[in-house]
Amino acid sequence: MGSLKTEEKGEQDLKVSNEAIAYVNGVRKVLPDGLAHLTLLEYLRDIGLTGTKLGCGEGGCGACTVMVSYYDRNSRKCSHYAINACLAPLYSVEGMHVITVEGLGSCKRGLHPVQESLARTHGSQCGFCTPGFVMSMYALLRSSQAPPSEEQIEECLAGNLCRCTGYRPILDAFRVFAKTSNDLYTGVSSVNLEEGKSVCPSTGKPCSCNLNNVNDKCMGSDHSRYEPISYNEIDGTKYTEKELIFPPELFLRIPTSLNLTGFGGLMWYRPLTLQHVLDLKAKYDNAKLIVGNTEVGIEMRLKRMPYRVLISVMHVPELNVLDAKADGIEIGAAVRLSDLMNFLKKVATERAAHETLSCKAFIEQLKWFAGTQIRNAASVGGNICTASPISDLNPLWMTSRAKFHIIDSKGTIRTVLAENFFLPGYRKVDLASGEILLSIFLPWNKTFEFVKEFKQSHRRDDDIAIVNAGFRVHLQEHGENWLVADASIFYGGVAPYSLAATKTKEFLVGKIWDQDLLQNALKVLQKDILLKDNAPGGMIEFRKSLTLSFFFKFFLWVSHQMDSIKEGIPLSHLSAVHSVHRPPISGSQDYEILKRGTSVGSPEVHLSARLQVTGEAEYVDDTQMPPNGLHAALVLSRKPHARIISIDDSEAISSPGFVGIFLAKDIPGHNKIGPVVSDEELFAVDHVTCVGQVIGIVVADTHENAKIAASKVDVNYEELPAILSIQDAINARSFHPNTEKRLSKGDVDHCFQSGLCDRIIEGEVLMGGQEHFYLEPQSSLIWTLDGGNEVHMISSTQAPQKHQKYVSHVLGLPMSKVVCKTKRIGGGFGGKETRSAFIAAAASVPSYLLNRPVKITLDRDVDMRITGQRHSFLGKYKVGFTNEGKVLAVDLEIYNNGGNSLDLSLAILERAMFHSDNVYEIPNMRILGRVCFTNFPSHTAFRGFGGPQGMLITENWIQRIAVELKMSPEKIREINFQGEGSFLHYGQQVQYSTLVPLWNELKLSCDFAKAREEIDQFNRHNRWRKRGIAMVPNKFGISFTTKLMNQAGALVQVYTDGTVLVTHGGVEMGQGLHTKVAQIAASAFNIPLSSVFISDTSTDKVPNASPTAASASSDMYGAAVLDACEQIMTRMKPVASQHNFNSFAELVRACYAERIDLSAHGFYITPDIGFDWVTAKGKPFRYFTYGAAFAEVEIDTLTGDFHTRMANVFLDLGYSLNPAIDVGQIEGAFVQGLGWVALEELKWGDAAHKWIPPGYLYTTGPGAYKIPSVNDVPFKFNVSLLKGHPNVKAIHSSKAVGEPPFFLASTVLFAIKDAIIAARSEMGCHEWFPLDSPATPERIRMACLDELTTSFVTSDFHPKLSV
């Protein structure tokens, strides 16, 4: 026990202010009282700085990243760091300088080199995530006093997600700033710095501000910072010349306590002394102490926890102590995690190695703790007191014998051991009323005391743990042996709190540290850590295995540290100890440039790249709201299948800011909607058929008030039985009407019965769905004109015409009076083809009836819950083949999970059936397909549109044939390749096949035979890490399979200054469509690309446009634009032939003088296609895009973690329209496909996941659903375009690229399986086994049989999957 001496309060402690000052991009802002409920992001967007985006609202995507600078009065230094603006409370930046992407540069005044480099290296596609990446990199540069390493650059991007690029071009763009010389970094040679001076983090110039004084140079004004600068070479040399300096006022400003308020009675305090904190805590016992708001913010926003008093303690000196003492480290509770990490790294280099093993364990664990932005904001004490059962740090505090110092309002301090602080029960800690955590004491380690951290999550970067652990053992020499003198074993993720393995510890103490101890301890541990079958979080067997694997690894690690013990460990077992060295990501892009005209074929940069890197590119939610505009929120079903008994809106009506609620009875037109058949209700009338079905819509004055009011609508239900899986649907024969389809070739039954087949196999393939996770959520802004006579909208959609159609239908207006415009969208991938339309239609009802603009932007969790995903599939196969590996007959049944409405599920099933041969000649084939009706939100289009699912079924049985025949899968593939002229199972003949040359070039590029040898050798020498390789080909049919959709229109207008305006029916969503179309127009007119501008896509310019989908848009809209250009050129030809004009502009003016029409409408229909489902024969595709890929992976057989060491991807794209954009599409598709096959798992409330409420999606938002991050990109990522094979069937001999590469990522899945085969063979298990996708760490680990798992799973164990 102790006490804190209460010191006399200084003048600044007594002074309480309700005036808050901050600087934003160098401009002074007074933050008025009453805004405590706002986040920094909301404030920034409200004042027009919309470059900072709202992507998820939970700090998980990085789209909202900004840089915050503040002057630390204790260290007398300026600090710069990146944070998530979506979590930062507005008042938390008081006295600080906030820099957003707009503060770096703009197209008018010049780009910052970080922006310029990203734009030039094709690092921005849809652009929505781009400002966040720019700001993360910028903050790293501003905070680094030495050039950052490539590893630091990759680490700083761990909190930023991109769904488009595959990350490689982003890393290439930023790698230029990783210099080995300070000369290039600052323009100043470090060797010429005067003594006592260093590089200023604010200006990048020599100064002494890092010492104990403030240098005037840091405080000076820089009036030239907005001067445009042209960067001929992006090398990092000039970026310091136009930085926003730290505002002089903030250097001189004396901090004051703050007492401010917010909406709903929220109170915000910022005390500056510990006593003030204690006084406030005594007064408001339920007050929440915050530093970064990374946990409380999510609780208040997403979990609706009604905290009323917030106390920001980030400026209290006693809570920010970081002090290395003789016996350990004193860590203040408010110390930020990034500061702790940096301090521990410093300490680890200064003290004896054995003393800092606990420090090193924390450093390693913090590396994988959330993203950089979260670590920069979150505090040590906040993480401790949250007491999360999956906290990465709490097991380490406990195992390291840390002590927590707790203080009460009287200043009395008590000390409690970390292991006693966390009480049994969910989030319970030993803090009495009025007490707060003051500091943490971390003792140094003793000689021969070993501490180690462990963690396994779905994804390495920025992910919560599935299971984590902290282990400590103290060994003492006893003769020739080493005895365990003391031990600690703590786990997270196995109980409602961090759990001690007490019995195991008791067993270890006093025992000899040897193999016998290991085997016996594992038996004790298995009984010590118990998980019930219905435990929240599921994955019971996997979590059990991790508890054992971690201890096994710990034993080997400790033994490896001890010279006398490690000799007894087989060298092959050391693979359990050594971590994978991840080199900086590298890659090559191999293509030829075949220029046609001025622009076609040139690797031009995306036309919007410069706007995107500066944050100037506008998306729907960036559009300024009109003064009388309203915000909308949906009233959603909370039951998977139920009858609606009553709807009570009384509480909603009295909610602040409420304007109106609209239900089915209020719809002026029709309530039935649907893209193909009208089987959906816009607003549910009597029944709901899924969780998240729309029942009505609420409008209010703000987005937040609309959400609050919608949540207050009380709907009573009578629950009905629900169908929650494909198997449920098959059992109940629950299929959508008229969706049974059949395709056949040859005589399957005769082939099976004739004896021609040496072997026949049967099996099933299960694959989960996939969330689109476009970074820009669904959004529409709708308004009326002429009192409702017309309706206009701007929407984030791939199909403006569908929005036009839905809204006109729902409002009872003719389509000619409804206009939808789309400038660009922040990613779509199929998720905005049809499922965006009902959201716009819902918002159109209040807009029309109230005659007021209405904006609806879905929160990320709502978006994921209601808009559908990629279909999960079940494939049942029966395959006959010869002993040589030749496939003779295939009988398939394919089921997809359509959800509660048909949407596009039938067309997706049909494409899966078309692609079920992949590239293989199958003489006899029969396919039956059905769309299952289930009580989930309607699933929808996603890149590949069913093709990948069909091909994945095929590749599974190909791989099984290889196992049965003990041949390589690659050999089986080659034996069965289709040849030129082959007739496919739907009647189309293969023409212009490039499969064989592609395959051969791929084999040559990866030297497959040598790679196989090296893999086998590695696997022989490594017991616990295994490598695998695979090569997979594909062909992807190009065209909409619905014939009428294969048409396109465009409008081209030539102006008298020689510039060209193009409008077409396609939507720019990052894929570079507008850039390619502009290149086609530029080449057609023989003018520079800069003379062509693409206007927004609008239904009043080009009518009846098909959705931008099916990879066909460049083909169709490019041809339509070319048609229009050629019409104009034909008109201009007589004038052009009469004179020699110096420029195109001169020619245009001459034509104008001759009254020649300089505007044309172009049109294109895809020729020679059509399929008849009655005869089940035809030609559904114009041509095929061929590809093949090689991948090498390495797995940790004890945890299921894996790395993709290499990926080589080859595609035949004919003569590319823009090879740089095409390479970007390939890389993005591959990494997105990698997510589908290995990372991204949707978990629904179904029979496999009974801990989730029925029908609910558990994996909503980036906290639970993990798309690939920077750390998941292949170490070596090579992309090559096949040369010398023009495509005679598309514009300028090119081929479509968007969807074909996606499936090639399945090569990672089969490489993983190859590695698992090597692991299983160690146990003598050589038979075939299924591996469902995604092959998450759970599925990888549980498939790798070993001594640790045999006691509780069998060789055919199958982890649960929502299908």
Side-chain angles (χ1 to χ4, degrees), residues 55-56 61 63 124-129 161-167 619-620 675 768-779 795-800 802 822 824-837 839 858 860 863-864 866-872 903-905 907-908 911 937-949 1036 1040 1066-1073 1106-1114 1221-1222 1224-1237 1239-1240 1242 1259 1262 1265-1268 1296-1305 1334:
C56 68
C61 72
S124 180
Q125 289 187 18
C126 86
F128 198 82
C129 70
L161 296 178
C162 175
R163 197 53 153 164
C164 296
T165 65
Y167 299 101
Y619 301 82
V620 174
Q770 185 183 23
E771 165 60 31
H772 303 87
F773 214 98
Y774 29 73
L775 266 291
E776 179 200 18
Q778 301 277 6
S779 189
S795 292
S796 181
T797 178
Q798 296 171 237
K802 277 193 166 54
T822 301
R824 65 176 59 82
I825 67 175
F829 314 111
K832 295 177 181 175
E833 183 175 345
T834 59
R835 302 315 295 166
S836 57
I839 298 162
L858 298 188
R860 176 64 58 185
D863 192 319
M864 292 180 70
I866 75 172
T867 57
Q869 287 82 20
R870 181 187 297 277
H871 291 68
S872 55
D903 192 71
L904 302 177
S905 297
I908 288 164
R911 186 173 275 269
S938 189
H939 294 307
T940 191
F942 197 144
R943 195 178 208 157
F945 205 75
Q949 291 97 317
F1036 194 90
F1040 288 99
V1067 171
E1068 176 57 57
M1069 50 189 172
Q1071 83 283 41
L1073 173 61
S1106 294
T1108 303
S1111 306
S1113 297
S1114 293
I1221 281 178
D1222 285 349
Q1225 285 293 288
I1226 293 167
E1227 291 172 330
F1230 187 90
V1231 172
Q1232 193 176 64
L1234 188 153
W1236 176 55
V1237 299
L1239 285 172
E1240 303 174 39
L1242 294 165
T1259 44
Y1265 186 81
K1266 298 299 171 182
I1267 71 171
V1297 67
E1299 292 170 296
F1302 178 88
F1303 177 71
L1304 294 178

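Atom set for the values below is all heavy atoms of this structure, side chains included, hydrogens, waters and symmetry mates excluded.
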**Student:** If you take all heavy atoms of Thr165 and Gln125, which pair is closest and at what distance?
**Tutor:**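 Distance-wise, the nearest heavy atoms are CA-NE2, 3.6 Å.
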**Student:** Assess the side chains of Glu771 and Gln869: does a donor N or O sit below 3.5 Å from an acceptor N or O?
**Tutor:** yes
**Student:** With side-chain contact (heavy atoms from CB on, under 4.5 Å) as the test, would you mind laying out the steps for Thr867 and Ile839 before giving the verdict?
**Tutor:** CA-CA 9 Å; Thr867 57; Ile839 298 162; 4.0 Å; yes
**Student:** How long is the straight-line distance from CG of Asp1222 back to OG of Ser1114, given to the nearest 0.5 Å?
**Tutor:** 7.5 Å
**Student:** Over all heavy atoms of both residues, which pair between Pro1334 and Gly768 is shortest? Give the atoms and the distance, please.
**Tutor:** CD-N, 4.5 Å
**Student:** Does the Gln770 side chain pair with the main chain of Gln1232, one donor and one acceptor, at a distance under 3.5 Å?
**Tutor:**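 Side chain of Gln770 to backbone of Gln1232, a donor-acceptor pair under 3.5 Å: yes, one is there.
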**Student:** Consider side chain to side chain contact (heavy atoms under 4.5 Å, CB included). Of Ser124, Cys126, Cys129, which one does Cys164 pass it with?
**Tutor:**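 Testing Cys164 for a side chain to side chain contact (heavy atoms under 4.5 Å, CB included) against Ser124, Cys126, Cys129 leaves exactly one candidate, Cys126.
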**Student:** For residues Phe942 and Trp1236, establish whether the separation of their ring centroids is below 6.0 Å.
**Tutor:**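 Here the rings of Trp1236 and Phe942 have centres that are no less than 6.0 Å from each other.
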**Student:** Arg835 pairs by side-chain hydrogen bond (donor to acceptor under 3.5 Å, both in side chains) with which of Thr940, Thr797, Asp903, Asp863?
**Tutor:**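 That would be Asp903.
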**Student:** Could you tell me the separation between the CD atom of Gln798 and the OG atom of Ser1106, rounded to the nearest 0.5 Å?
**Tutor:** 12.5 Å
**Student:** Do Leu1234 and Leu1239 come within less than 4.5 Å of each other through their side chains, counting heavy atoms only?
**Tutor:**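 Heavy-atom side-chain distance check passes, below 4.5 Å.
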**Student:** So which heavy atom on Gly769 is nearest to which on Leu1242, and how close?
**Tutor:** C-CD1, 3.5 Å
**Student:** Is a side-chain N or O of Arg860 found less than 3.5 angstrom from the main chain of Gly55, in a donor-acceptor match?
**Tutor:**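 Indeed, once roles are kept as given, a pair shorter than 3.5 Å links the two residues.
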**Student:** Taking all atoms of both residues into account, what is the closest heavy-atom pair of Phe773 and Leu161, and its distance?
**Tutor:**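 Answer, listing the atom of Phe773 first, then Leu161: CE2-CD1, 4.3 Å.
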**Student:** Would a 4.5 Å heavy-atom cut-off, applied to side chains only, mark Ser1111 and Val1297 as touching?
**Tutor:**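 SC-SC contact between Ser1111 and Val1297 ruled out.
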**Student:** What distance separates Ile1267 CD1 from Cys162 SG, expressed to the nearest 0.5 Å?
**Tutor:** 8.0 Å
**Student:** Looking at Lys802 and Pro1107, what are the two nearest heavy atoms and their distance?
**Tutor:**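 Lys802 and Pro1107 have their closest heavy atoms at NZ-CG, 3.7 Å.
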**Student:** Is the gap between the ring centers of Tyr619 and Phe128 under 6.0 Å?
**Tutor:** yes
**Student:** Ignoring hydrogens, what is the shortest heavy-atom contact between His871 and Ser905? Give both atom names and the distance.
**Tutor:** NE2-OG, 2.7 Å
**Student:** May I ask you to test the Arg870-Gln949 pair for a side-chain heavy-atom distance under 4.5 Å?
**Tutor:** yes
**Student:** Tell me whether Glu1299 contacts the main-chain N or O of Pro1301 through its side chain, where contact means a donor paired with an acceptor under 3.5 Å.
**Tutor:**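 Looks like no, no N/O pair under 3.5 Å.
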**Student:** Under a 3.5 Å cutoff, is there a donor and acceptor pairing between the side chains of Ser796 and Lys832?
**Tutor:**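 Yes, a side-chain donor-acceptor pair sits under 3.5 Å.
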**Student:** Indicate yes or no for a side-chain donor-acceptor contact from Arg943 to the backbone of Gly1298 under 3.5 Å, with no hydrogens or angles considered.
**Tutor:**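 Yes, the answer is positive, given that a donor and an acceptor are paired below the 3.5 Å cut-off.
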**Student:** Kindly compute the distance separating CD (Gln1225) from CZ (Phe1302), expressed to the nearest 0.5 Å.
**Tutor:** 13.0 Å
